Amino acid sequence: MAWLAETLRRYPEIAIFLSLGVGYWVGGKSFRGFSLGAVTATLLAAIAIGQLGITVSPNVKSVFFLLFLFAVGYGVGPQFVRGIAKDGLPQALFAVVQCLLCLAAPVAAAKLAGYSIGSAAGLFAGSQTISASMGLATDAINRLGLPADQAKALLDAMPTAYAVSYIFGTVGSAVILATLGPLLLRIDLVAACKEYEARLGGGKSLGGAGQAWHEYELRAYRISPDSAAVGKTVSQMEATEPAGMRLFIERVRRGDKIEEATLDLVLRAGDVVAIAGRRDQLVSVLGARGVEVDDPELLAVPAEGVDVYVTSKAMDGKTLRELAGMPGARGVYLRKIKRGPTETPIPVLPETRLYRGDTVTIVGRTQDTTAAAKALGVLDRPSNATDVAMVSLAIVAGALIGAVVIKAGAIPITLSTAGGALIAGIVFGWLRAIHPTFGRIPESTVWFMNSVGLNVFIAVVGLTAGPQFISGLRSLGVSLFLWGVVSTTVPLVLGMLIAKYVFRFHPAILLGACAGARTTTAALGMVCDAAKSQVPGLGYTVTYAVGNTLLTIWGMVVVMILS
């Protein structure tokens, strides 16, 4: 053990990876639905290892923290800009109000309890589950011009307060929103979501991966001599279907010859047509009057399912009903919509709106999906390549801007290099959404920058603060936990009431908006489970983008207020 301790002191990089390994392993375990998560588990592991007195260069955490903040900004950029500039403005304004409440409660608690600036910053980060704020708080404390020993004492107090208040911050916020919220607001969440889905033109969704029933099918029917289709073109037949029906003739067998169905092709008696559409529509429209045949060769239509990154300005904000009526939508069916950095599933309903930055999964013939993808944006083909030049130069630009310090009297005002990297990420994430010819960062890389970037920062914080953690916990432990409960609960309760009575959000999306503004994905999951619907996610993405940005910046603001 003595040899191991000496080795970790001599090679602190080993201690960092040991903290990460233990943190991710423990954080991935759950007990009755509760999990510490990788961040808290890594912090606790690093604090335990840090009892050995390990010294790590602060430059390590700075580098990884810049990567993390840029990835955060890159992910929320499209939704942040849309929320501020366009139709998401009410949700964006609510997120600002919620974030102000989340700032005020911990600051007031810290003042009442007489906590130091470091403990206050940790209390804010833990009770609001915004680990990233500790990085900006660290920068702000270092800029106060305090003697080195005083600054170190403040920085060491931060992870103690964070660790104690984080557990209720995570579990408590999810329980408050998903369980207490509907009772407090007198909301029947299931009924509200069904009503909202009906307003958007939706019904019950069935089928999916792992099920024998499939929503879309391709079937072959023979045209009888007395059929109304005889003598009509493909375009005329597709246009005569009842409102809301989307049935498309993909191919036609005429004798021994199979040909692709063009819109001007005239149908004849005896033709066998391959028709694609929703299963229920095929059955209700053609089941009674059509003669279905088995024609494997005709039905062997080259088809694919592809992801498309929506970038078209012309398509931005249109409902799925409007998009379905466009020429490029012929023969194409929408299976899935993902929105925002958390890839929140969005209900596929006729009145659901599509926005730039969304990723949609479409299915159909290869030529049809290619044409639709061109109209919507660009195909999101799997790729392992990252535009490292853009990432690096963007961080440089943001950090240089953030490094500028403006003094208001004796108070230094600055974004800091970390804040600059965050803003750079937002800008370049938004530019990527509207001009996807540069700046590609694969989803796996974004995850690495987000998760590992933050956890390396947290590991260094824990290793550095380890020796002082136990004494801090002994002196402030119980009061810290209780003030953490207050700091978590009060903003959420007030936020839910404001969302209902001031902003008058629909009950189906209200709790999703509250979860997004507090950036608590676990709470969104519990709300969606309770609602038995994905509709609450419609209120999550814009508020998450604004909340994630402001709550991170608040780490610096807490220090400025209390100093």
Side-chain angles (χ1 to χ4, degrees), residues 1-29 31 35-65 115-123 125-127 129 131-135 137-138 141-142 146-170 451-481 484:
M1 292 300 296
W3 172 83
L4 178 60
E6 181 59 32
T7 301
L8 292 178
R9 293 190 196 99
R10 184 178 302 174
Y11 303 103
E13 61 270 24
I14 301 177
I16 293 175
F17 282 106
L18 180 58
S19 302
L20 291 176
V22 174
Y24 274 97
W25 183 73
V26 173
K29 306 295 181 183
F31 177 72
S35 171
L36 282 175
V39 175
T40 303
T42 298
L43 175 62
L44 294 177
I47 287 172
I49 298 169
Q51 301 303 313
L52 300 175
I54 297 171
T55 302
V56 184
S57 169
N59 293 331
V60 175
K61 67 178 182 181
S62 298
V63 170
F64 280 90
F65 193 63
Y115 291 154
S116 68
I117 294 174
S119 294
L123 175 64
S127 64
T129 64
S131 314
S133 67
M134 289 196 292
T138 299
I141 290 173
N142 287 329
L146 299 173
D149 58 335
Q150 293 182 27
K152 187 177 186 305
L154 295 180
L155 294 176
D156 289 346
M158 197 187 310
T160 304
Y162 170 83
V164 172
S165 58
Y166 177 85
I167 295 177
F168 186 84
T170 301
S451 182
V452 179
L454 175 60
N455 278 288
V456 169
F457 168 82
I458 291 296
V460 176
V461 169
L463 290 170
T464 304
Q468 290 74 36
F469 179 83
I470 301 300
S471 60
L473 188 60
R474 285 174 179 167
S475 61
L476 300 176
V478 176
S479 67
L480 263 176
F481 179 80

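Being a predicted model, the structure only gives us computed values, none of them experimental. This chain uses plain numbering: 1 for the first residue, then up along the sequence.
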What's the separation between atom [atom1] in [X] and atom [atom2] in [Y], rounded to the nearest 0.5 Å?
X	Y	atom1	atom2	value
Leu43	Phe457	CG	CZ	10.0 Å
Arg9	Leu4	CZ	CG	9.5 Å
Thr129	Tyr162	OG1	OH	7.5 Å
Leu8	Ile16	CG	CD1	11.0 Å

At their closest point, which heavy atom of [X] faces which heavy atom of [Y], and how far apart are they?
X	Y	result
Ile54	Pro12	CG2-CB, 3.8 Å
Ala151	Ile141	O-CG2, 4.2 Å
Ser116	Ala157	OG-CB, 4.2 Å
Asp156	Thr464	OD1-O, 4.0 Å
Leu463	Ala46	CD2-O, 3.4 Å
Ser119	Ala161	O-CB, 3.3 Å

Does Thr42 have any side chain to side chain donor-acceptor pair (under 3.5 Å) partners at least two apart in sequence or in another chain, and if so, which? Asn455
So, using side chain to side chain donor-acceptor pair (under 3.5 Å) as the criterion, who are the partners of Ser451 when residues are at least two apart? Tyr24
Under 4.5 Å between any side-chain heavy atoms of [X] and [Y], yes or no?
X	Y	answer
Val456	Val63	no
Thr138	Lys61	yes
Ile49	Leu18	yes

Test log, rule side chain to side chain contact (heavy atoms under 4.5 Å, CB included), inputs Tyr115 and Ser479: CA-CA 10 Å; Tyr115 291 154; Ser479 67; 2.8 Å; yes
